[in-house]
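The structure under discussion appears below in the form of structure tokens.
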Amino acid sequence: MIRKIAVLGGITKSGVRETLRMVEIYPGEIVAVVGPTGSGKSQLISDIEYWADGDTPSRRQIQINDQVPAEFAVETSLRRLVAEISQNMNFVIDMSVRDFLLLHAESRHIENALEVAKAVVDCANQLTGEPLMMDDSLTALSGGQSRALMVADVALLSNAPIVLVDEIENAGINRLSALRLLAGRGKVVLVVTHDPLLALLADKRIVMQNGGMAKLLTASPSEKALAGRLQKIDAVLCELRERIRLGGELTPEAIKEVTWPDAQRVSA
Amino acid sequence: MRLVIVAGPPATGKTSVMLHTLRHILTDKIRVAVCKIDCLETSDHSTYRRLSLPVMVGLSDYICPDHFYVSNLEEIFAWGEKQQAEILVVETAGLCHRCAPGIKGCLSICVVDNLSGIDTPKKVGPVLTTADVVVVTKGDIVSQAEREVFRRRIEMVNPAAHVLEINGLTGQGALRLKKVVLASPSIEGVEGRELRYPMPSAVCSYCNGETVIGSRYQMGNVKKIVYREVSND
């Protein structure tokens, strides 16, 4: 049972001690990792996935419940603790959703496989606007449907307590609900993102710079207040995207119909 | 010298995986040499040379690369010693995977990829089932669920193997392979050592360059197909 993950600071790309000496993450928390290209976001994610023990280029150490990973569990079990979801992932198996979920359940020795499979599909359908069916072919799912199914599968079937998410796009899947679902299952969720909505949803925000963890931010009350407005703007953009997708046109009238969130305050 | 054999289906990322792993090994100032066995042509040696390593290429031409590899192992080993290598990596490009290049007492690595389909672990054969380490690549582009199923399938056919997921593009996971390579035994020579799995005696007229089709042109070890009805359910 994981009660806490701690990232103990190592060195930056210049070889000096990184500013943050320790970041602690608890189950149910969402942590955003932000920073420009080359700032070390991927290294941080890969340190966690690898259970670094001072032996990666960053010299960081990851601890589970205040123990070094090797004391916490044997290597093969450690690897099962982490699940990853990214925008680049696809389903490549030519199978129906049902058969695949049953196969996955079987590989994890789950007994009530069909029930769990149904729960995964129901869960996925709460995340995507385009419902998917048990009989659908995996490879024919849309990007949004695939992502929704991957998230639901990680939440309910994979059962890894730590989830690493690499920037999921806002198409066909409600990202906020997806992250909340994962965190709600008591998982540690790390999300690499530049999206203000996701960054503000996170409980903590690690700012990466020159390979090191430079700052740890928590969303301030004013940022939290802004998050609500951003969500409305996001909803407007989603609505416009939906119109385009269904072959509509964005006439000035159509745009007027959308409810703009507090337009003046946003522009100000 | 540690002898490390790397094998696996084409285009799974054998060279990329080894490049990332060797880069980590070279930071410890360990001397490494690489031998690449291929059939007709290879450019992998220039990829390895980017690490400023001694690299040797063996092209098997009209001979099966696995048979070519095993009949040249002594020479390859001697070359590695001449380079004063502490680790000699031999990357082979087996074709049909009925052969496995693994040698008893030497580290044997098999590289497969997540894109090749979940039945692959069953189909690849001895090269996978006799390996000490099975490296799985391309995990960054398939779903977590598929990775888990794929890994399970590998563990079913080779329960003793160390299954490592490595990203051939970024090198994520390659440090684990470095640890395994450094922990592998050092050997004095290859003469008298045994292959882990016998190589099939596939010496027929086509191995020897015959191009014309028909029983009249077939000599040597020829096996004819046994028809089996395949039902539709």
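What's counted below: heavy atoms across the whole structure, side chains too, no hydrogens, waters or symmetry copies. Order of the sequence lines sets the chain letters (A, B, ...), proteins ahead of strands, with each chain counted from 1.
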Pairwise distance CD1(A:I93) to CG(B:L115) - rounded to 0.5 angstrom: 10.5 Å
NE2-CD1 distance between A:H104 and B:I118, expressed to the nearest 0.5 angstrom: 11.5 Å
Flag if over 12 foreign heavy atoms under 6.0 Å of CZ, B:R23: yes
Region of A:S86 in contact with chain B, defined by heavy-atom distances below 4.5 Å: side chain
Contacting region of B:E155 [heavy-atom separation from chain A under 4.5 Å]: side chain
Straight-line distance of B:R176 CZ to A:Y50 OH, nearest 0.5 Å: 6.5 Å
Structural part of A:S146 lying under 4.5 Å from a heavy atom of chain B: neither
Side chain / backbone / both / neither for B:K178 at chain A, heavy atoms under 4.5 Å: neither
Among B:V163, B:T170, B:T27, residue most engaged with chain A (heavy-atom pairs, under 4.5 Å): B:V163
Segment of A:I85 engaging chain B (4.5 angstrom heavy-atom cut-off): neither
A:V92, part contacting chain B, at a heavy-atom distance under 4.5 Å: both
Structural part of A:D55 lying under 4.5 Å from a heavy atom of chain B: both
Nearest-0.5 Å distance, CZ of residue A:R79 to CD of residue B:E165: 8.5 Å
Salt bridge (Lys or Arg N to Asp or Glu O under 4.0 Å) evaluation trace for B:R147 with A:E84: CA-CA 10 Å; B:R147 283 158 58 175; A:E84 292 176 272; 2.9 Å; yes
Residues A:H109, B:R152; criterion side-chain contact (heavy atoms from CB on, under 4.5 Å); working and verdict: CA-CA 11 Å; A:H109 308 291; B:R152 178 84 192 102; 3.6 Å; yes
B:N114, part contacting chain A, at a heavy-atom distance under 4.5 Å: backbone
A:L149 side, atom CG; B:S143 side, atom OG - distance, nearest 0.5 Å: 8.0 Å
B:E148 and A:S107 side chains, donor-acceptor separation under 3.5 Å: no
Validation row: B:I141, A:M89 side chains within 4.5 angstrom (heavy atoms): no
Steps toward side-chain contact (heavy atoms from CB on, under 4.5 Å) verdict (A:M95, B:E146): CA-CA 11 Å; A:M95 247 185 213; B:E146 281 160 302; over 6 Å; no
Chain B contact via A:N88 - which portion, at a heavy-atom distance below 4.5 Å: both
Heavy-atom contact with chain B under 4.5 Å, split by part of A:V82: backbone
Which of B:H162, B:R151, B:H24 touches chain A most, by non-hydrogen pairs under 4.5 Å: B:R151
Side chain / backbone / both / neither for A:E106 at chain B, heavy atoms under 4.5 Å: neither
CD (A:E29) with more than 12 external heavy atoms under 6.0 Å: yes
